[in-house]
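These notes concern the structure reproduced below.
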Amino acid sequence: MIEPVLFRDDVLALLDQRLLPHEETLFECRDAAAVVEAIKTMVVRGAPAIGVAAAGGVALAARAAAAGGASCPDGFRAVVVEAVDALVAARPTAVNLAWGARRVARVVDAALDAGADGPEAAARAWSEALAIRDEDVAANRALGAHGAALVPDGARVLTHCNAGALATAGYGTALGVVRAAVEDGKTVHVIADETRPFLQGARLTAWELQKDGIPVTLISDSMAGALMARGEVDLVVVGADRVARNGDVANKIGTYTVAVLARRHGVPFYVAAPTSTLDPDCPDGAAIPIEERDPAEVTSFAGTRVAPEGVPARHLAFDVTPAELVTAIVTEKGIHRAPFVRSLAAALGIPEDDGAAAGEAGPAGENGAGPAEVPVRAAAEEEDLF
Ligand code: MRU
């Protein structure tokens, strides 16, 4: 199994995804600051993978506190809180990041409250980070098994970005669905969007599927609609960085475009994500923070400048697909359909409460329900874009 985050003695070793597919090199993190740097610079990327890495980063901070003799609980906590804050700030959109970091911090807190000394608190932090890693792989296998039922034998499955083993602790979410369908004996052909500007589809999805012997054809992002119009896409499955209570989904920039195209062409649009990607504190997509990255990533292609010097560029790293365009969301708990406010609350074991106020639209048709209803963006947001 491809593992992008490796826990080794006192080192967190990350498969450096900036160098794939050309080089398989490990980036070693010995403290939380190195993990922050790795997350910011995309050494490790993908929502669940950065959640696991952040958990490891907090565990490294706890070890540093223990090794530095921060024996007073308040001093120990201060070191951990500082690491959590830095990790959470590294990238804003994927909710798994804060989820993983805070979960380990809570374990440290509980250990100190119960009278554990520094080394014991640090050991519990490391175990918790390992548990998060193991749970992520288990969740991906479970959601893959649920999602495989949605994939017919012989299906041509379009995906965007990389929601595979590389984006998780292993196995993958969207690609977990594909892997599970293949393990069920089905023939599946993946169509991978290249995913400008960071090329996660071209560099990472193509690499990991090829490594596993799963047929994959790479396309430019702008080809997706043409292939759908020719009837060459049977379904779309993508991952998510954050899913709001009402089922709005933040994922890699370009996902929204694919969802609109899928609706236009009657192609089912599925989202595969573990429940750690569901954010009960976000009522809808408008509340999801969207990362804006360095425009230099847009003015260049694979590190080579392609735009004229001085031209302004924008780089929104994620977009939000409204729930009305989502046919179903697959988690380790099962297949969730509209009204998502109900089905996702049930998956999280929380009350529906104010979710309805978030304005969820009706179900997305399994076989397409006519032309897309594109939500109108607020004027303020429009101004902000250009
Ligand atoms: O910027 P990235 O590469 O971290 O973006 C990753 C994605 O958008 C993935 O689709 C998402 O995190 C789901 S990963 C299982």
Side-chain angles (χ1 to χ4, degrees), residues 46-52 54-55 88 91-103 106 131-133 135-147 150 161 163 167-169 171-174 176-177 237-252 255-256 259 269-291 318-361 363-364:
I50 60 178
V52 173
V88 169
R91 292 191 77 188
T93 304
V95 72
N96 307 62
L97 179 58
W99 175 87
R102 292 194 176 123
R103 187 170 139 177
R106 278 198 302 275
I132 289 173
R133 177 199 65 182
E135 285 169 27
D136 186 58
V137 177
N140 294 337
R141 288 194 181 274
L143 73 83
H146 292 302
L150 302 168
C161 193
T168 63
Y171 200 71
T173 58
V177 170
V237 58
V238 295
D241 279 77
R242 194 185 297 232
V243 180
R245 275 184 93 108
N246 72 339
D248 288 352
V249 174
N251 192 47
K252 180 50 53 194
T255 303
Y256 170 53
F269 180 90
Y270 300 114
V271 174
T275 51
S276 57
T277 302
L278 308 183
D279 185 355
D281 296 329
C282 258
D284 57 30
I288 299 177
I290 299 295
E291 176 182 10
F318 298 94
D319 58 27
V320 174
T321 297
E324 62 179 312
L325 297 179
V326 177
T327 308
I329 298 174
V330 185
T331 74
E332 72 275 21
K333 301 278 175 67
I335 296 172
H336 314 283
R337 294 180 189 272
F340 291 113
V341 73
R342 185 170 308 149
S343 57
L344 297 181
L348 287 169
I350 58 172
E352 281 176 41
D353 64 28
D354 58 351
E360 182 186 347

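Note that this is a predicted model, so its numbers are computed, not measured.
The side-chain hydrogen bond (donor to acceptor under 3.5 Å, both in side chains) search around R242 returns D279, not counting sequence neighbours.
In this structure, A167 and P48 approach most closely via the heavy-atom pair O-CD, 3.2 Å. Here the closest heavy-atom approach between residue P289 and residue P92 is recorded as CG-O, 3.4 Å. Summarising the geometry of P274 relative to L143, their closest heavy-atom pair is N-CD2, 3.7 Å, with the distance given to 0.1 Å. Scanning all heavy atoms of the two residues, the minimum distance from V249 to A240 falls at CG1-CB, 3.7 Å. Across every non-hydrogen atom of A287 and C282, the tightest pair is O-SG, 3.6 Å. Of all heavy-atom pairs spanning G285 and N246, the tightest one is N-OD1, 4.2 Å.
A distance of 11.0 Å separates CG in D248 from OH in Y256, rounded to the nearest 0.5 Å. Put simply, OG on S343 and CD1 on I329 are 7.0 Å apart, with the number rounded to the nearest 0.5 Å. Here the straight-line distance linking atom OH of Y171 with atom CG of D136 works out to 13.0 Å at 0.5 Å rounding. To the nearest 0.5 Å, atom CD1 of residue I290 and atom OG1 of residue T93 are 5.0 Å apart. Once rounded to the nearest 0.5 Å, the distance linking CD of E332 with CG of N140 reads 8.5 Å. Here the straight-line distance linking atom CG of L278 with atom NZ of K333 works out to 8.5 Å at 0.5 Å rounding.
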side-chain contact (heavy atoms from CB on, under 4.5 Å) evaluation trace for L344 with V243: CA-CA 9 Å; L344 297 181; V243 180; 3.8 Å; yes

Between L150 and I335, is the side-chain contact (heavy atoms from CB on, under 4.5 Å) condition met? List the steps. CA-CA 9 Å; L150 302 168; I335 296 172; 3.9 Å; yes

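With a 4.5 Å cut-off on side-chain heavy atoms, T321 and V326 count as touching. Looking at F269 and V238, their side chains come closer than 4.5 Å, going by heavy atoms from C-beta outward. The shortest side-chain heavy-atom distance between R91 and D241 does not fall under the 4.5 Å cut-off. Using a 4.5 Å heavy-atom threshold, the side chains of T327 and R337 count as touching. R102 has its side chain within reach of V88: a pair of non-hydrogen atoms, C-beta onward, lies under 4.5 Å apart.
Applying side chain to side chain contact (heavy atoms under 4.5 Å, CB included) to V52 and the options I132, V137, T168 leaves one that passes, I132.
Residues T277 and N96 have side chains that bring a donor and an acceptor to within less than 3.5 angstrom of each other.
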